[in-house]
Undergrad: 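My questions all concern the structure below.
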Amino acid sequence: MTVRHTLTEKLFFLALIFLIGGCALFKGERTFSKSGLKVTFRSLNALDDVQQIRFRYPIILSEANIRNHLLSLFYQDIVRPRQPKPVFSQRVASKLAPLFRTVLRKVKPGKYLHFTYQASRGLTEGQVFVTAKHIHWRIFKINGIVYSNDPLRIRKPTWRLVRIHHGQSYQRLGIGGFKKNIENRIIANINLPFPKHKYPSRS
């Protein structure tokens, strides 16, 4: 009975430690929701591969500038490549730009922005943070479809982001001399012009 009691106590304390750790990670998260856009201010500890990045605060960007960034996010089907499509339509980008402008100003040091946008075609999800000269966009889901580009094809490939500006690049990750483009992560110059790429007429 004593051994079993001791084991039960150890398991209880381990569970308590994990619970406290999980609460600490998400403690202080604030959420903002409007017009289908939901944003959460999350700790930088939740990001990967950002140890050498110097983040910018406060994040003060114009509505027009943010709109240009949203309109410059395009994606393409990997299995059946066709003409790239915009992640956000012109109508949606115009609606979301002032909301992003407001919430980005509220991001405190040590935080970044996690967002979801619920549209009729499905949920779009991503992260955004800003450095001295760049905005980092990380998109995980577009219209309900999760990003997948496994070179081994263990998981079926879905889509990839497409660069349409010279001011856009992919994040590159790798070990040693081998580096790979992460095609759902776009790093863009802060002052990005309106996209010259032919934009679909649909709203």
Side-chain angles (χ1 to χ4, degrees), residues 26 29-42 46-47 59 61-107 111-130 134-150 155-165 167-171 181-190 192-203:
F26 295 103
E29 281 195 354
R30 293 187 300 147
T31 299
F32 169 91
S33 183
K34 186 176 181 180
S35 301
L37 178 69
K38 180 179 179 180
V39 300
T40 304
F41 304 93
R42 291 188 172 170
L47 292 176
I59 305 173
L61 303 171
S62 71
E63 182 179 323
N65 193 2
I66 295 172
R67 187 186 305 112
N68 289 349
H69 278 275
L70 294 175
L71 291 175
S72 298
L73 292 172
F74 274 68
Y75 72 102
Q76 185 177 47
D77 189 297
I78 295 175
V79 178
R80 296 179 296 277
R82 298 174 182 171
Q83 183 178 1
K85 300 177 182 178
V87 176
F88 300 105
S89 69
Q90 291 190 19
R91 179 185 62 82
V92 171
S94 295
K95 179 177 70 171
L96 297 185
L99 301 180
F100 269 111
R101 174 180 176 271
T102 298
V103 293
L104 284 170
R105 287 172 175 257
K106 297 180 181 294
V107 178
K111 301 287 186 179
Y112 74 95
L113 209 63
H114 179 274
F115 68 89
T116 61
Y117 175 67
Q118 183 65 58
S120 58
R121 291 181 295 163
L123 188 76
T124 295
E125 179 182 9
Q127 300 170 338
V128 59
F129 56 87
V130 182
H134 299 95
I135 298 182
H136 296 243
W137 297 93
R138 298 180 173 186
I139 309 298
F140 306 119
K141 187 182 294 185
I142 298 176
N143 297 330
I145 301 175
V146 177
Y147 169 75
S148 174
N149 191 14
D150 181 4
R155 293 179 58 191
K156 181 181 178 181
T158 52
W159 52 263
R160 67 186 187 94
L161 294 179
V162 178
R163 298 167 296 176
I164 64 168
H165 270 302
Q168 293 176 314
S169 62
Y170 293 119
Q171 182 181 1
N181 288 333
I182 309 301
E183 295 183 325
N184 69 322
R185 300 183 179 186
I186 289 287
I187 302 174
N189 294 341
I190 281 186
L192 204 64
F194 187 86
K196 295 181 180 179
H197 192 283
K198 184 179 179 181
Y199 215 93
S201 57
R202 65 177 177 82
S203 59

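FYI, side chains are in, hydrogens and waters are out, and symmetry mates aren't considered; it's all heavy atoms of this structure. On a predicted model such as this, the values are computed, not experimentally measured, just so you know. Index from 1, following the sequence.
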Undergrad: Quick one: do Leu161 and Glu183 satisfy side chain to side chain contact (heavy atoms under 4.5 Å, CB included)? Show the steps, please.
TA: CA-CA 6 Å; Leu161 294 179; Glu183 295 183 325; 5.7 Å; no
Undergrad: Which pair of heavy atoms, one from Ser62 and one from Arg101, lies closest together, and at what distance?
TA: C-CD, 4.2 Å
Undergrad: With rounding to the nearest 0.5 angstrom, report the CD1 to CD1 distance, Ile182 to Ile187.
TA: 10.5 Å
Undergrad: Would you say the side chain of Ser148 lies within less than 4.5 Å of the side chain of Lys156, judging by non-hydrogen atoms?
TA: no
Undergrad: Do the side chains of Ile135 and Val128 get nearer than 4.5 Å, heavy atoms only?
TA: yes
Undergrad: For side chain to side chain contact (heavy atoms under 4.5 Å, CB included), just list the numbers for Phe88 and Leu73, CA-CA rounded to whole Å, side-chain angles, deciding distance to a tenth of an Å, and then say yes or no.
TA: CA-CA 7 Å; Phe88 300 105; Leu73 292 172; 4.2 Å; yes
Undergrad: Where do His69 and Ala188 come nearest, in terms of heavy atoms and distance?
TA: CE1-CB, 3.7 Å
Undergrad: Counting only N and O atoms by type, is there a donor-acceptor contact under 3.5 Å from the side chain of Gln127 to the main-chain atoms of Ile139?
TA: no
Undergrad: Going from OG1 on Thr31 to CZ on Arg42, what distance comes out if it is rounded to the nearest 0.5 angstrom?
TA: 8.0 Å
Undergrad: Pick one: which of Lys95, Glu125, Lys38 meets side chain to side chain donor-acceptor pair (under 3.5 Å) with Tyr117?
TA: Lys95
Undergrad: What are the two closest non-hydrogen atoms of Tyr147 and Arg155, and how far apart are they?
TA: O-NH2, 4.2 Å
Undergrad: Are any non-hydrogen side-chain atoms of Gln168 and Phe74 less than 4.5 angstrom apart?
TA: no
Undergrad: Side chains of Pro84 and Ile164: closer than 4.5 Å at any heavy-atom pair?
TA: no
Undergrad: Which atom pair, heavy atoms only, marks the closest approach of His165 to Pro195?
TA: NE2-CA, 3.4 Å
Undergrad: Using a 4.5 Å cut-off on heavy atoms from C-beta on, say whether the side chain of Phe100 contacts that of Leu61.
TA: no
Undergrad: Decide side-chain hydrogen bond (donor to acceptor under 3.5 Å, both in side chains) for Arg138 and Tyr112; before the verdict, give the C-alpha distance in whole Å, the side-chain angles of both, and the deciding distance to 0.1 Å.
TA: CA-CA 12 Å; Arg138 298 180 173 186; Tyr112 74 95; over 6 Å; no
Undergrad: Roughly how far, to the nearest 0.5 Å, is the CG atom of Asn181 from the CD atom of Gln171?
TA: 10.0 Å
Undergrad: So which heavy atom on Glu29 is nearest to which on Thr40, and how close?
TA: OE1-CG2, 3.5 Å
Undergrad: Can you check whether Asn143 reaches Thr124 side chain to side chain, under 4.5 Å on heavy atoms?
TA: yes
Undergrad: Rounded to the nearest 0.5 Å, what's the gap from CH2 on Trp159 to CG on Asn149? Could you check?
TA: 10.0 Å
Undergrad: Quick one: which of Ile142, Leu71, Val162 gives a side chain to side chain contact (heavy atoms under 4.5 Å, CB included) with Val87?
TA: Ile142
Undergrad: Rounded to the nearest 0.5 Å, how far does CD1 of Ile59 lie from NZ of Lys106?
TA: 13.0 Å
Undergrad: So, taking the atom named CG in Asp77 and the one named NZ in Lys85, what distance separates them when rounded to the nearest 0.5 Å?
TA: 7.5 Å
